[in-house]
Amino acid sequence: MEHQKSITCTLLSGLLVILILISPLCCLPDSIKPPLLPMPHAVSWKTGRYCLPDLVHVHIKGEVENADRQMLSLLLKDWNVTQVIFDNFKNKNITIVCDHELVLPSASLEAYRIDVDEQGIQIEARTSSGVFYALQTLGQLRGSDGKLPYCSITDYPSFRWRGYLVDVGRNFQSMDVLKEQIDVMARYKLNIFHFHFTEDIAWRLISKKYPGLTDSTNMERWKGKYYTVEEMQELIRYCRDRHIQLVPEIDMPGHSAAFRRYFKTDMQSDSGIAILKELVKEFANTYPGLPYLHIGGDEVKIHNQEFLPMMTTWTEDLGLKTIGWEPGGNLQPNTIRQLWMGGPKAITNDSPFEVIDSKHLYINHMDPLETVTTLFYRQLGGKSAENEKLMGATLCSWPDRAVKNENDLFRQNGVYPALLTFAERSWRGGGDFAWRSNIKTDVKGLADFVEFEKRLLAHKQLYFNGLIFPYHQQSRQKWILYGPVENKGDLGMALKNEATGDFNALKKIGEFYGGTIVLRHWWADVVKGAIDRPLENSTVYALSKVWSEKGGNQGFWIGFNDLSRSYASDSPHLGTWDDRMSTLWVNGHKVLPPDWQQAGKKGDLEVPLIDEGYSYRSPTMIQLRKGWNTIVVKLPVGKLQGKDWQNPLKWMFTCLPIEREQ
């Protein structure tokens with residue numbers, strides 16, 4: 001399998017991921033800070049470096065889980081330590097103190113402290129979870145030369161709920177790929193794995209009472225692909241060993257066509273309720289110890305007002321706390337709400353229920369480059385940190401559209417860049433209340449993004465070599481937007497010398513940075529674009545320069561309408577980049593669009609995307625000349641709305657020279 005063959009972390013005996021640190025850090029002088037991600041809340045760098053000996057003595061005071069001890073042993077082994085002796089009171093190189101009474105600046109049970117000095121490494125935490133997160137940070141401190149910088153780190157999460165959702169109901173994912181994502185979650189301190197396994201398309205968890213529910217004849221996609229009891233139990237254990245809570249979702253009463261196909265009844269009927277109660281009870285008995293069950297409740301007409309109250313009571317009587325989507329059906333006050341629709345809203349302690357934020361956190365709707373920008377600036381729940389009612393947030397991967405293979409889920413959606421950026425924000429907190437799609441242009445806002453992007457790209461190189469990580473440096477790509485020019489609905493309207501970038505006669509809209517620039521988002525009412533008041537029947541021009549040291553062919557990411565992976569959007573027609581007649585020139589030469597493999601094909605959720613997006617087709621090769629090269633992008637628009645809801649208007653472009661992948 002492509003994913004597993006290229007994994008840079010070693011999975012041994014079902015234990016925790018081992019971080020493999022390679023050459024770049026060892027070549028840096030002591031004064032250079034290692035690229036920590038998420039960045040801890042407080043870091044004090046000091047002069048000097050500590051080198052672990054071949055024989056390491058570890059003293060542990062307090063209760064530390066066996067899996068975390070094993071994780072440390074394997075981490076040290078990977079660091080070429082030949083022998084580890086635990087509970088040694090003399091000559092200790094590593095000291096771990098796990099004490100509930102420990103004084104730290106946060107009440108979080110996941111808080112920790114690390115000190116590295118000439119005496120060795122000292123870790124303090126209140127719980128084994130804090131120890132685990134300290135070890136994740138420790139793994140990022142050390143260069144491959146065996147030395148760790150002297151430092152003092154005090155760290156804690158800003159949100160107690162830091163989740164990631166995968167939808168395996170629509171598109172099945174193998175156990176190997178699920179574990180790969182869980183390993184990444186653990187490394188970057190995410191602690192909730194939301195597992196969405198029931199859908200209209202298929203029900204993908206075996207029921208011993210009703211085994212026909214997962215029969216291939218009852219599936220519309222990925223036929224016959226489901227998870228056994230043993231695999232589900234393995235996933236739960238795999239998450240638990242990594243201090244991640246698996247949160248299962250049995251969607252009810254919506255997204256339940258697979259249930260109806262097999263049982264020939266609706267969930268809200270008397271017979272449907274009886275069957276569903278049996279399934280929920282079987283689930284609770286088969287997988288004891290899970291604290292939550294997500295019951296869905298969204299995108300369905302509730303014709304039986306007793307359904308959700310009845311199923312909530314049934315579920316909670318079985319010992320499972322319920323979570324439901326908001327907006328949704330008539331959920332009960334004791335059910336945690338997971339928000340998925342609407343604009344920014346501050347969740348205060350006056351909220352009538354506990355809240356998990358997932359609004360505008362669906363990466364299937366985001367351009368891969370835009371994903372990092374949006375998530376970096378995104379405030380969660382309208383607050384800088386959790387409160388009594390705001391638990392945190394869950395990042396969601398909901399690609400409704402079918403994919404040819406599970407690797408396309410990663411090529412078409414910026415899964416790993418998104419996970420790392422979300423990890424930074426959900427751990428550190430902060431962000432802006434207003435949502436945005438472009439990099440900030442003020443000095444601090446731009447500098448903050450540049451600093452984070454540098455760490456993100458360092459982690460791409462260190463830990464994702466060979467994995468699908470669709471992101472390249474974009475913060476240095478500067479654009480000037482000019483216009484708008486009225487085109488009166490004629491999208492082919494042309495200005496004299498437009499290909500060469502002679503726009504002195506046009507009004508300058510502003511300067512922007514990024515590989516993707518969104519002029520007007522399809523959710524313009526809640527997501528800020530580059531143009532405050534975009535006009536219908538107008539054309540905007542974008543101008544940039546690219547430096548080439550030697551000249552020659554250069555690969556570019558180029559696109560004009562990154563398609564959501566959840567809409568049945570149409571593919572572009574041959575000879576066009578999009579249906580707005582967008583055009584791009586480099587040094588006055590027009591850059592031709594690809595020969596689309598599905599040119600002009602009407603959108604269909606069962607027809608996978610092939611090359612419609614820049615991140616999952618070969619880069620566009622452009623001949624550059626030595627020195628500066630001029631890029632001009634022409635961006636006409638007619639009406640500021642799509643032709644239908646499956647083809648929404650996202651007035652945008654992507655143009656970014658990219659480095660060659662290893």
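Since this is a predicted model, take the numbers as computed values, not measurements.
Residues Glu278 and Tyr210 are in side-chain contact: their nearest non-hydrogen atoms beyond the backbone lie under 4.5 Å apart. Contact check for Leu420 versus Leu37: side-chain heavy atoms found under the 4.5 Å cut-off. Side-chain contact between Leu375 and Leu395 is present, with at least one heavy-atom pair separated by less than 4.5 Å. Counting only heavy atoms from C-beta outward, the side chains of Phe283 and Leu293 approach each other to under 4.5 Å. Between Lys383 and Asn387, the closest side-chain pair of non-hydrogen atoms falls below 4.5 Å. Residues Ile295 and Thr312 are in side-chain contact: their nearest non-hydrogen atoms beyond the backbone lie under 4.5 Å apart. The closest side-chain heavy-atom distance from Arg378 to Trp435 is below 4.5 Å. Between Pro344 and Gln379, every side-chain heavy-atom pair lies at or beyond the 4.5 Å cut-off.
Taken to the nearest 0.5 Å, the CG atom of Asp167 stands 9.0 Å off from the CZ atom of Arg204. Annotation: the span from Asn364 atom CG to Tyr567 atom OH amounts to 9.0 Å, rounded to 0.5 Å. With rounding to the nearest 0.5 Å, the separation of CG in Leu75 from CD in Gln136 is 8.5 Å. Atom CE in Met185 sits 9.0 Å away from atom CZ in Phe422 (nearest 0.5 Å). To the nearest 0.5 angstrom, Ile60 atom CD1 is 9.0 Å from Cys98 atom SG. With rounding to the nearest 0.5 angstrom, the OG atom of Ser129 is 6.5 Å from the CD atom of Glu65.
Note that Lys189 lies outside the cation-pi zone of Tyr133, set by a 6.0 Å cut-off to the ring centre and a 45° limit from the axis.
A 6.0 Å sphere centred on NZ of Lys223 holds more than 12 heavy atoms belonging to other residues, nucleotides or ligands. Residue Lys389 qualifies as enclosed at atom NZ: its count of foreign heavy atoms under 6.0 Å is above 12. For NE2 of His303, the number of neighbouring non-hydrogen atoms (other residues, nucleotides, ligands) closer than 6.0 Å is greater than 12. In Asn349, the CG atom is crowded: over 12 heavy atoms of neighbouring residues, nucleotides or ligands sit closer than 6.0 Å. Surrounding OH of Tyr226 are at most 12 heavy atoms belonging to other residues, nucleotides or ligands under 6.0 Å away.
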Show your working on ring pair (Phe, Tyr, Trp, His ring centres under 6.0 Å) between His41 and Tyr156 and close with a plain yes or no.
CA-CA 7 Å; His41 277 272; Tyr156 52 88; 4.0 Å; yes

Let's go through Ser174 and Asp176 carefully: what are the C-alpha distance in whole Å and the side-chain angles of both, what is the deciding distance for side-chain hydrogen bond (donor to acceptor under 3.5 Å, both in side chains) to 0.1 Å, and is it a yes or a no?
CA-CA 5 Å; Ser174 67; Asp176 285 342; 5.3 Å; no

Would Lys209 and Glu282 count as a salt bridge (charged side-chain N to carboxylate O under 4.0 Å, His left out) here? Give the steps.
CA-CA 8 Å; Lys209 187 175 182 64; Glu282 179 189 1; over 6 Å; no

Between His365 and Trp398, does the ring pair (Phe, Tyr, Trp, His ring centres under 6.0 Å) criterion hold? Intermediate values first, please.
CA-CA 8 Å; His365 283 311; Trp398 289 110; over 10 Å; no

Might you work through the side-chain contact (heavy atoms from CB on, under 4.5 Å) test for Asp357 and Ile347, ending with a clear yes or no?
CA-CA 9 Å; Asp357 189 10; Ile347 305 302; over 6 Å; no

Would you sort out whether Asp99 and Arg126 count as a salt bridge (charged side-chain N to carboxylate O under 4.0 Å, His left out), showing the intermediate values?
CA-CA 5 Å; Asp99 184 353; Arg126 291 196 182 95; over 6 Å; no

Steps toward side-chain contact (heavy atoms from CB on, under 4.5 Å) verdict (Thr421, Thr371):
CA-CA 9 Å; Thr421 310; Thr371 294; over 6 Å; no

Please evaluate residues Tyr164 and Thr394 with respect to the criterion side-chain contact (heavy atoms from CB on, under 4.5 Å), reporting the C-alpha separation (whole Å), side-chain torsions for both, the decisive distance (0.1 Å), and the verdict.
CA-CA 5 Å; Tyr164 170 57; Thr394 295; 5.6 Å; no

Applying side-chain hydrogen bond (donor to acceptor under 3.5 Å, both in side chains) to Gln268 and Glu306, what does each step give before you reach the verdict?
CA-CA 9 Å; Gln268 298 184 66; Glu306 296 301 314; over 6 Å; no

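A distance-only check finds no donor-acceptor pair linking the side chain of Thr373 to the backbone of Ser437 [under 3.5 Å]. Under the 3.5 Å distance criterion, the side-chain polar atoms of Lys281 are left unmatched by any main-chain donor or acceptor of Lys277. For the pair Asn304 (side chain) and Ser269 (backbone), a donor-acceptor distance under 3.5 Å is absent. Looking at Asp215, its side chain never comes within 3.5 Å of a backbone N or O of Asn218 through a donor-acceptor pair.
Taking a cutoff of 4.0 Å between a charged side-chain nitrogen and a carboxylate oxygen, Asp562 and Arg565 qualify as a salt bridge. Using a 4.0 Å cut-off between a side-chain N of Lys or Arg and a carboxylate O of Asp or Glu, Glu110 and Arg162 qualify as a salt bridge. The residues Asp408 and Arg411 are annotated as salt-bridged, a charged nitrogen and a carboxylate oxygen being separated by less than 4.0 angstrom.
Looking at Phe197, Trp203, Tyr227 one by one, the single match for ring-ring contact (aromatic ring centres under 6.0 Å, His included) with Phe172 turns out to be Tyr227. Checked options Arg261, Arg221, Arg170; the residue passing with Glu199 is Arg170 (criterion: salt bridge (charged side-chain N to carboxylate O under 4.0 Å, His left out)). Considering Glu249, Glu299, Gln338, His255 in turn, Glu249 is the only one that fulfils the side chain to side chain donor-acceptor pair (under 3.5 Å) rule with Trp325. Applying ring-ring contact (aromatic ring centres under 6.0 Å, His included) to Trp161 and the options Tyr292, Trp427, Phe193 leaves one that passes, Tyr292. When each of Thr137, Thr127, Thr154 is paired with Tyr112, the side chain to side chain donor-acceptor pair (under 3.5 Å) condition holds for Thr137 and for no other.
Note on ring orientation: taking the six-membered ring where Trp is involved, the planes of Phe263 and Phe259 are tilted (angle from 30° to 60°). In this pair, Phe410 and Tyr416 present their aromatic rings tilted. The plane angle is within the 30 to 60° band.
Phe464 has its ring centre no less than 6.0 Å from the ring centre of His459.
Remark: the Asp68 side chain and the Ser128 side chain contain an N/O donor-acceptor pair separated by less than 3.5 Å.
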